[in-house]
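Data block below; observations after.
Residue numbers start from 1 in every chain, and the chains themselves are labelled A, B, ... in the order their sequence lines are given, proteins ahead of strands. Side chains are part of it too, since the values below use all heavy atoms of this structure and drop only hydrogens, waters and symmetry mates. Predicted model only: the values in this text are computed from it and were never measured.
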Protein chains: 2
Amino acid sequence: MTQKLDGRVRRRQIAQAALQVIAQRGLGGLSMAGLARQVGLVPSAIYRHYRGKEEVLSAAMESIVQKAQANLQAVCRQTSDPLERIERLLMRQVAMVREIPAMPRIIFAEGPSGQRKAQAYGMLRGFLGALADIIRQGQGQGVIRKDVEAFSLAVMAWGLLAPAVILWYASEGDFDVTAQVQRGWKVFAVAIKVNHNSHKSAGHRLQASGYRLQKNKAKAGGELTPESKT
Amino acid sequence: MTQKLDGRVRRRQIAQAALQVIAQRGLGGLSMAGLARQVGLVPSAIYRHYRGKEEVLSAAMESIVQKAQANLQAVCRQTSDPLERIERLLMRQVAMVREIPAMPRIIFAEGPSGQRKAQAYGMLRGFLGALADIIRQGQGQGVIRKDVEAFSLAVMAWGLLAPAVILWYASEGDFDVTAQVQRGWKVFAVAIKVNHNSHKSAGHRLQASGYRLQKNKAKAGGELTPESKT
DNA sequence: GCTCCATGTGAATCTATATTCACTATATTC
DNA sequence: GAATATAGTGAATATAGATTCACATGGAGC
């Protein structure tokens, strides 16, 4: 018989294992038997800690949110530079590579108007909202470009991460997530950074025509605010 | 008894129905019973045409691959400009996701499970490979920056799409995937484009120090070639 | 050491789903 | 019309997975 563990410790362990199984095999690949195996228990032991599979899932999703929030707080403590914050946040997400794909997997696994999907979506929006806030901070400081709406930039930043992680799983670990995200960040950071020298130079060089384009861009950004109705 | 249909017609019908069920209910929601119902048959009739569920899925995915290839060919016919090609390809992907909502569900929902997974991964690699080829073309023409490896840039380009699709799906169409991808493309295109004017200007302005930085960047990019072992 | 509680086990139960198999029926050809 | 091939049907079967339930056991407190 396995050594007994404090209920709280075990519950956390089970939730964590669920995340990893979902990340690896998808929601459909999560069985109570497989989960129990992952933890080192028999399937019925799980019902000692959770009323059923549904409850395991809820706990799993909850735990990923908590981690994401802890990461966000840690990053904001470590540095006040918005670009630095984004980079660190992304790299912390990379460290969670064994867990974070569970969210998209849950989203795509569910049928129409599934509750879990809505929940996962809300969580995702929370994360992107926090990213967007950092970006807005940078925009306020004149460090990050203002012509593109912050939420859009947040989605783009997330886009540095998501495909790399998916490829990592699809290739069974044969894709260097860290390197890809770092490269992507370098390209993206330059693209969103306000470089005062080159900015002036471009304006100066292109004169009236260039100036007009800049103005239109600023407007377009404003118009393209996503989901104002949300 | 249902009217009999020619085997080929029926097989196509079944594969299409599978995509529809997956779009609605996800992979986990695809049962032989439900599929048969969708087609207007009894479940065992499906085995007249496919050896099992696995084979139905393969056929369904095959039709996605064909569509993707048709898109690629169309885009390459329409324009020879690499940046234009990428943009068009991305936008066709957006359209395709709308047309075949099952596609992202197949790619994102499931982890390893043998042949199907290998097929999905192959699809993805095919798409990224084609993107990378276009990027290499652009690099050869001196239109796209060379300091970052083409496959990495391809993954980044995909990164404009993937999160937008996830959000689109999670929001049940409430997130404007088209607008997001367009915005992302604008930011990314500037970042990867070789702009000869500003390149000269920057070099001119920053003199020795700026010049050195450019050189170092080129080297780092070369070193970070992904998966040379692939 | 004993008691009690919480956690782990193993067997049983139930259900949904994939599939097989024997039979049926349609459509084509001669 | 008969024969044949192919596609459709309905019942049966096997299995995977979720869960319950009675028993077992570890660990804490007295």
Side-chain angles (χ1 to χ4, degrees), chain A residues 1-22 24-61 102 105-106 109-111 114-116, chain B residues 1-22 24-61 105-106 109-117:
Chain A
M1 174 176 289
T2 313
Q3 192 178 37
K4 291 191 177 189
L5 264 189
D6 176 61
R8 257 186 333 182
V9 173
R10 189 67 92 188
R11 276 195 290 280
R12 202 169 296 146
Q13 210 182 35
I14 292 167
Q16 194 62 26
L19 276 183
Q20 283 169 18
V21 172
I22 295 168
Q24 206 179 11
R25 297 162 173 278
L27 198 52
L30 177 69
S31 67
M32 295 306 258
L35 179 58
R37 223 179 295 123
Q38 182 93 335
V39 176
L41 297 175
V42 298
S44 51
I46 310 242
Y47 296 85
R48 287 284 163 216
H49 304 278
Y50 294 102
R51 259 175 299 183
K53 194 171 173 181
E54 210 47 50
E55 227 184 68
V56 175
L57 277 178
S58 291
M61 286 166 77
R105 290 214 199 279
I106 288 167
E110 286 227 300
Q115 194 192 350
R116 265 188 316 233
Chain B
M1 179 177 284
T2 316
Q3 192 177 35
K4 288 193 180 185
L5 265 190
D6 175 61
R8 258 187 333 184
V9 174
R10 189 67 92 188
R11 275 193 290 282
R12 203 169 294 147
Q13 207 184 38
I14 291 167
Q16 282 308 301
L19 288 179
Q20 278 163 25
V21 173
I22 293 168
Q24 259 197 325
R25 299 159 173 276
L27 268 175
L30 177 69
S31 68
M32 295 306 258
L35 178 58
R37 219 178 298 125
Q38 182 91 341
V39 177
L41 297 174
V42 297
S44 52
I46 311 245
Y47 295 86
R48 286 286 161 210
H49 303 278
Y50 293 101
R51 258 175 300 183
K53 192 170 170 178
E54 216 42 52
E55 229 184 65
V56 174
L57 280 173
S58 287
M61 285 165 76
R105 301 191 82 162
I106 290 167
E110 278 246 324
S113 62
Q115 195 191 347
R116 201 164 68 222
K117 181 233 166 173

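Between A:Val39 and A:Ala17 the shortest heavy-atom distance is CG2-CB, 3.7 Å. B:Ala60 approaches B:Ala15 most closely through the heavy-atom pair CB-O, 3.9 Å.
Heavy atoms of B:Lys4 sit under 4.0 angstrom from at least one base atom.
Put simply, CD on A:Glu55 is 15 Å from P on D:dA18, counting in whole angstrom units. Atom pair A:Arg12:CZ and C:dT7:P shows a separation of 14 Å (rounding to whole Å applied). Across the protein-nucleic acid pair, A:Arg51 atom CZ and D:dT20 atom P stand 11 Å apart, rounded to whole Å. One interatomic measurement links the two molecules: NZ of A:Lys53 to C1' of C:dC14, which rounds to 16 Å at whole-angstrom precision. Between the CZ atom of A:Arg8 and the P atom of C:dA6 there is a distance of 15 Å, given to the nearest Å. Rounded to a whole Å, the OH atom of B:Tyr47 is 12 Å from the P atom of C:dT17. Atom pair B:Ile14:CD1 and D:dA7:C1' shows a separation of 10 Å (rounding to whole Å applied). Note: CG (B:Leu27) to C1' (C:dT17) measures 15 Å, nearest angstrom.
Interface residues of residues 28-43 of chain A facing DNA chain C, ordered by number: A:Leu41, A:Val42; criterion, heavy-atom separation under 4.0 Å.
Not one side-chain nitrogen or oxygen of A:His49 sits closer than 4.0 Å to the OP1 or OP2 atom of C:dA6. For the pair A:Gln3 and D:dG27, the criterion of a side-chain N or O lying under 4.0 Å from OP1 or OP2 is met.
Across all strands shown, the partner of C:dT29 is D:dA2, judged by Watson-Crick or G-U wobble contacts whose two distances both fall under 3.5 Å.
Each of B:Arg8, B:Gln13, B:Arg12, B:Arg10 was evaluated against B:His49; a single residue qualifies, B:Arg10, per the side chain to side chain contact (heavy atoms under 4.5 Å, CB included) test.
We find the CG-CG distance between B:Leu57 and B:Leu19 to be 9.0 Å, quoted to the nearest 0.5 Å. Taking CD1 of A:Ile106 as the reference point, atom CD1 of A:Ile22 lies at 4.5 Å (rounded to 0.5 Å).
By the side chain to side chain donor-acceptor pair (under 3.5 Å) test, B:Arg51 is found to be paired with B:Glu55, residues two or more places apart in sequence or in another chain being considered.
Side-chain contact between A:Glu54 and A:Arg116: present, with at least one pair of heavy atoms (C-beta onward) separated by less than 4.5 Å.
Take the nearest nucleotide of DNA chain C for A:Arg11 and for B:Ser44: the residue whose nucleotide is more 5' is A:Arg11.
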